Amino acid sequence: MKIINYLKEILKKRFNRENFLAYIKIFGCQQNEADAEKICGFLKFLGFNFTDDILVADLILFETCAVRHTAEEKILAHIGNLKNIKKANNNIFIAICGCMVEQENIRNYIQEKFGFIDLICGAKIIENFPELFYEKLTGKKLNNFCNIHVSQVLQKNKFKAWVPIISGCNNFCSYCIVPYVRGPEKSKDYNQILDYCKKIIKNGSKIITLLGQNVNSYFYNNFNFSDLLKEIDNINGEFAIRFMTSHPKDFNKNLVDTLASLKHFSNHLHLPVQSGNNKILKFMNRKYTREEYIEKINYAREKIKNLVITSDIIVGFPGETNLEFEDTVSLIKKIQFASIFNFIYSPRVGTAAFNMQDNISHDEKVRRISKIIKIQEKISQEFLSGFVGTNLKVVIEENFANKSIARSKSNLIIELEEKFNVGDIISVKIISSKRNSLIGKKI
Ligand code: SAH
Ligand code: SF4
Ligand code: F3S
């Protein structure tokens, strides 16, 4: 506690006020959201509140992503824009965290080009953020600082909880930077996860999302992912269990049978297929075939009624011919996903695919992604229109003017023309459908 009080004194002097404001910007995936919630818990502990207005912040923190070049370019532009803010007030503290700054070349580039940054803390060492923060602010080294775990995770949304169960990735899909910036897989303590779930469910969390690059690899003291799911399902309370991401190679019948037996499963599966062509899947090092993927989906749909399945697609992987791309198109038509995230392949330094011959023009990649977007739009619309006339149980997520935005257990977005309390669970009748959402009325 002494050290925390000392740190607070330093902050008061530096920012010249009693209460401090932090501006947090998160890029990338849910892992970053979860990391940011831990850091926010620590900052709250130190007396920070949070603002959406960067111009009034004492501390500015970015959680960065490295998955595609476009993401990095965007983040670097945002970092460049901080220069004037720092020029106007040198006391403002700027921290750049997350996956992008795990890369040495980017770290060097940032240090050279943006010397005004106070702290760089990569994704692998995010647990050390408090120590690094202390050291930068006080100029002193620290041995036994209270670690980030003494402070609570600060959930952005009280009823929506991210629960990291496994960090890192061992899969090394040939295009992907994540195993390099997040390190090898490491499963978290089984009992700690359960205790944490019990606590947040008791405190009102309604949607529990178990996080990992491949949750199926979870393994701790002989407990696997199915064991964990069953145990969480036994907790008393009204909540839904989600998880992401599940790698299709490990998504097997046992897991489907477990999911079918759960009371709290959200009925939403995010199962990124990436490509519908076996040669490309092999070059991607995905370790499943198109046929295996289809079989797994069929089994899951047979066992679990009203399953909502979403996916990720990469177009323009090195060497992908038009015919191979058409296999992806036909797979999308065959599976009829509820929605997909589409990406143009982005070469990442250090990955296996970086050295593969990339001879597809940018225009052709854009043509391919546009084609998929158009086809999926139609499929998504048809999928959503199928809900008109049905009843759904939803949780209220946000309020706008005279509207509420809610989400179904299976992750569909429902707009309501009335205002309800955030976190309420209500039953609605679906009266119409739009492009990406449904319109509902309370019953
Ligand atoms: N662990 C998850 C995915 C994490 S990255 C999984 O295995 O599914 C999220 C998505 O980004 C991936 O599914 C992939 O579609 C996309 N992606 C990853 N690396 C990419 C790259 N180099 N270029 C384009 N898209 C990429
Ligand atoms: Fe990347 Fe593949 Fe790991 Fe997903 S499973 S994070 S795509 S390497
Ligand atoms: Fe990006 Fe890191 Fe997630 S690279 S997608 S934020 S794991």
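In this text, all values refer to a predicted model and were calculated from it rather than measured experimentally. One-based numbering, in listed order, for ligands and for the atoms of each.
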Atom 6 (S) of ligand 2: which protein heavy atom is closest, and how many Å away?
-> Q213 OE1, 3.4 Å
Are any of the side-chain heavy atoms of D53 and Y23 separated by less than 4.5 Å?
-> no
R182, portion touching ligand 3 at heavy-atom distance under 4.0 Å = side chain
Would you say C99 reaches atom 2 (Fe) of ligand 3 with an N/O/S atom under 2.8 Å?
-> yes
Look at K279 together with E320 and state whether they make a salt bridge at an N to O cut-off of under 4.0 Å.
-> no
Answer yes or no: is there an ion pair linking D233 with K263, defined by an N-O contact shorter than 4.0 Å?
-> yes
N-O pairing of K296 and E292 below 4.0 Å = no
Flag side-chain contact, heavy atom, 4.5 Å: F387 against L412 | yes
Charged N to carboxylate O below 4.0 Å: is that the case for E326 and K371?
-> yes
Numbered in order shown, the ligand 3 atoms found under 4.0 Å of a heavy atom of N32 are 6 (S)
Q213 near ligand 3 by a heavy-atom separation under 4.0 Å | yes
Nearest neighbour in protein (non-hydrogen) for atom 4 (S) of ligand 3 = A66 N, 3.3 Å
Can you list the atoms of ligand 2 that are under 4.0 Å from a heavy atom of H247?
-> 5 (S)
Between K374 and E377, is there a side-chain N and carboxylate O pair less than 4.0 Å apart?
-> no
Residue part near ligand 2, for E185, under 4.0 Å between non-hydrogen atoms | neither
Taking only non-hydrogen atoms of R286 and a 4.0 Å limit, the atoms of ligand 2 in range are 2 (Fe), 7 (S)
Atoms in ligand 2 with a heavy atom of C169 nearer than 4.0 Å | 3 (Fe), 5 (S), 6 (S), 8 (S)
Decide yes or no for R242 and H270: does some side-chain heavy atom of the first lie under 4.5 Å from some side-chain heavy atom of the second?
-> no
Write out the residue and atom name of the closest protein heavy atom to atom 7 (S) of ligand 2, then the distance separating them to 0.1 Å.
-> Y175 OH, 3.4 Å
Does K156 come within less than 4.0 Å of E37, counting only side-chain N to carboxylate O?
-> no
Hey, does the Lys NZ or Arg CZ of R14 hover above the aromatic six-ring of F93, less than 6.0 Å from the centre and inside 45° of the axis?
-> no
Which protein non-hydrogen atom lies closest to atom 1 (Fe) of ligand 2, naming both residue and atom, and how far is it?
-> C176 SG, 2.3 Å
Between E127 and K38, is there a salt bridge with N-O shorter than 4.0 Å?
-> yes
Among non-hydrogen protein atoms, atom 1 (Fe) of ligand 3 lies closest to C65 SG, 2.4 Å
shortest atom 3 (Fe) of ligand 3-to-protein heavy-atom contact is with C29 SG, 2.3 Å
Check the surroundings of atom CG in N322: do more than 12 heavy atoms from other residues, nucleotides or ligands lie under 6.0 Å from it?
-> yes
Output the list of atoms in ligand 2 that are nearer than 4.0 Å to some heavy atom of C173, sorted by atom number.
-> 2 (Fe), 5 (S), 7 (S), 8 (S)
Can a cation-pi geometry be assigned to K25 and F27, taking NZ or CZ under 6.0 Å from the six-membered ring centre and within 45° of the ring axis?
-> yes
Numbering as shown, the atoms of ligand 2 that approach V178 to under 4.0 Å (heavy-atom distance) = 6 (S)
Sub-4.0 Å atoms of ligand 2 with respect to non-hydrogen atoms of P179 | 8 (S)
Donor-acceptor side-chain pairing of N285 and S174 below 3.5 angstrom | no
Neighbouring protein residues of ligand 1 - any heavy atom closer than 4.0 Å = V67, R68, Y175, Q213, T245, P272, Q274, R286, D312, I314, F343, I344, Y345, S346, R348
